[in-house]
A.B. asks: 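If you scroll down you'll find the structure; I have some questions about it.
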Amino acid sequence: MIEIKNLKKSFGGKQILKSVTFSIKEGGVTTVIGGSGTGKSTLIKCIIRLLEPDGGQILFDGKDITHIKDELALAQLRRSFGYLFQEGALFDSLTVGENVAFGLKYLTDTPAADYPKIVKEKLALVGLKDIENMRPAELSGGMKKRVSLARVLAINPKLILYDEPTSGLDPIMSEIINELISGLKRKLGVTSVVITHDMKSAFEISDTMVMLHDGRAELVAPAGEFKNTDNPYARQFIEGSSRGPIRMEITN
Amino acid sequence: MFKEIGRFILTFLKQLGQASQMVSSCAFWLARAPLEFRQTMIQTTRVGVDSIAVAALTSLFTGMVLALQAGTTMRNILSEPLYIGTLVGFSLVRELGPVLTAFVITGRAGAAVTAEIGTMKVTEQIDALYTLGTNPARYLVIPRIIAFMIAIPVLTLFANVSGMLGGLMVSAHGLGVSPTVYINDIKTYIGTGDLMHGFIKSAFFAFMIAVVCCCKGLNTRGGAEGVGKATTAAVVISMVLILVADYFLTAILASLGI
Ligand SMILES: Nc1ncnc2c1ncn2[C@@H]1O[C@H](COP(=O)(O)OP(=O)(O)OP(=O)(O)O)[C@@H](O)[C@H]1O
Ligand SMILES: [Mg+2]
């Protein structure tokens with residue numbers, strides 16, 4: 001469904017993505033793991049074209065979307081995705097209910113009278129209720145994350161990019177979100193790309209796993225294979241060890 | 001020295017580029033998508049209501065000081081306070097009403113716009129607009145440009161009236177000019193051309209403030225500190241541009257006989 005070839009992206013002379021290559025299969029869950037600051041968020045922002053890559057190629061259903069500039073074509077492309085922001089990115093001038101209903105007006109033909117029902121239903125999916133009239137500023141971090149997820153789910157996307165959907169959630173809530181992601185795949189055939197730091201969740205929900213390291217896709221493998229890999233970078237990451245080829249730059 | 005001038009010109013050109021890109025994006029979406037009517041209404045009332053008291057107060061005192069200055073000058077030259085209404089009215093309607101109101105609104109509403117949009121930018125809310133089927137031009141900028149272009153000329157009108165009232169109070173109580181004479185001086189010498197002159201200017205200022213403040217907000221980077229910097233820059237740039245544009249607009253309008 002999506003082919004990423006030799007993708008490059010720098011910020012101010014610092015090359016973050018050097019040459020990333022992998023593909024995302026329709027109807028599957030692809031998990032992206034990698035150290036903090038390796039460019040995972042940058043990568044999925046390139047896919048939905050919130051960022052323009054510096055080089056390489058992204059093919060979406062065979063169509064090259066790497067350098068689309070036309071605003072209408074970009075808007076059309078972004079319609080195909082749901083995107084969960086790492087920090088939630090809720091509109092703080094609107095209530096929770098208005099936030100969750102926001103995309104319905106622009107991306108669906110749902111009559112406005114049905115919004116409250118959909119909002120309630122999607123909030124329930126992420127374990128929240130009776131908070132429609134609250135403001136994002138009044139919510140806890142984990143609640144914001146879930147409201148943001150409800151906002152994505154409201155528009156029923158066929159492809160969802162999740163930037164750390166379970167970070168900041170308690171283990172039980174994390175499990176519920178993991179089941180939700182798997183459920184969407186099973187019941188509706190939704191394709192997902194999930195960034196996560198939680199290896200347990202990753203093995204549980206992934207079909208394919210991608211490990212980013214030093215601007216490249218160091219290892220791309222089916223979840224089962226990934227678990228038993230002897231790639232030293234991936235091993236270190238899976239085991240969460242401070243000893244290994246990946247060196248964090250820490251100075252005293 | 002040359003390096004600094006060069007850098008200044010580069011920054012200026014870059015920002016001009018950003019602004020024109022934003023404006024053309026607005027034109028693009030204005031033609032292709034329905035107007036965000038609710039947002040426009042909210043913004044218009046916010047700009048208007050926010051600034052009406054301070055705009056009226058500013059020009060009340062401006063009218064008062066104009067009357068006082070005109071009165072003293074006229075007394076010195078003609079030994080009588082003549083044409084106070086005309087002088088106060090002219091200065092307000094053609095010049096000070098539009099400029100001072102634009103200043104006041106830049107400080108109140110313009111700064112708020114940059115801070116709000118800048119915060120949205122650094123917390124990825126602008127990106128979120130794109131992912132939810134709309135875009136900042138359509139959802140944020142167009143409503144604000146329209147709101148400013150409605151609210152500022154209307155506020156200017158209020159400011160003019162309040163300034164002339166201030167002038168009237170000072171001339172009646174401080175200079176001994178009767179209100180009838182004062183009002184007559186205004187009515188006889190100030191025509192629709194003068195009103196038009198002020199109106200065109202204030203509409204133009206409104207457009208400029210909205211564009212500068214939205215553009216600065218959308219190009220904010222670097223967290224809370226960045227928002228602060230963007231807001232200060234937006235206010236300063238708007239005020240300088242108002243004064244520069246005021247001169248050129250006056251020259252152009254005068255050459256057209258308005
Ligand atoms: N807009 C930007 N401007 C400049 N640098 C940026 C920008 N966005 C990201 N970066 C830099 O790119 C690098 C990768 O950022 P990114 O957010 O993609 O990391 P990440 O893998 O998602 O990390 P985390 O797991 O902590 O979320 C970081 O070093 C960051 O400083
Ligand atoms: Mg990230």
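The sequence lines fix the lettering, A, B, ..., with proteins before strands; numbering per chain opens at 1.
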A.B. asks: Centre of F102(A)'s six-membered ring, under 6.0 Å away, within 45 degrees of the axis: is that where NZ or CZ of K105(A) sits?
C.D. replies: no
A.B. asks: Let me know if L94(A) has heavy atoms under 4.5 Å from chain B in its side chain, its backbone, both or neither.
C.D. replies: side chain
A.B. asks: Does any backbone or side-chain atom of L161(A) lie under 4.5 Å from a heavy atom of chain B? Answer side chain, backbone, both or neither.
C.D. replies: neither
A.B. asks: Can the positive tip of R32(B) be found less than 6.0 Å from the middle of the six-membered ring of F28(B), inside 45° of the ring normal?
C.D. replies: yes
A.B. asks: Could you tell me whether E87(A) and K145(A) have a side-chain N and a carboxylate O separated by less than 4.0 Å?
C.D. replies: no
A.B. asks: With a 4.5 Å cut-off on heavy-atom pairs, point out which of T119(B), L129(B), T123(B) contacts chain A the most.
C.D. replies: L129(B)
A.B. asks: Can the positive tip of R151(A) be found less than 6.0 Å from the middle of the six-membered ring of F91(A), inside 45° of the ring normal?
C.D. replies: yes
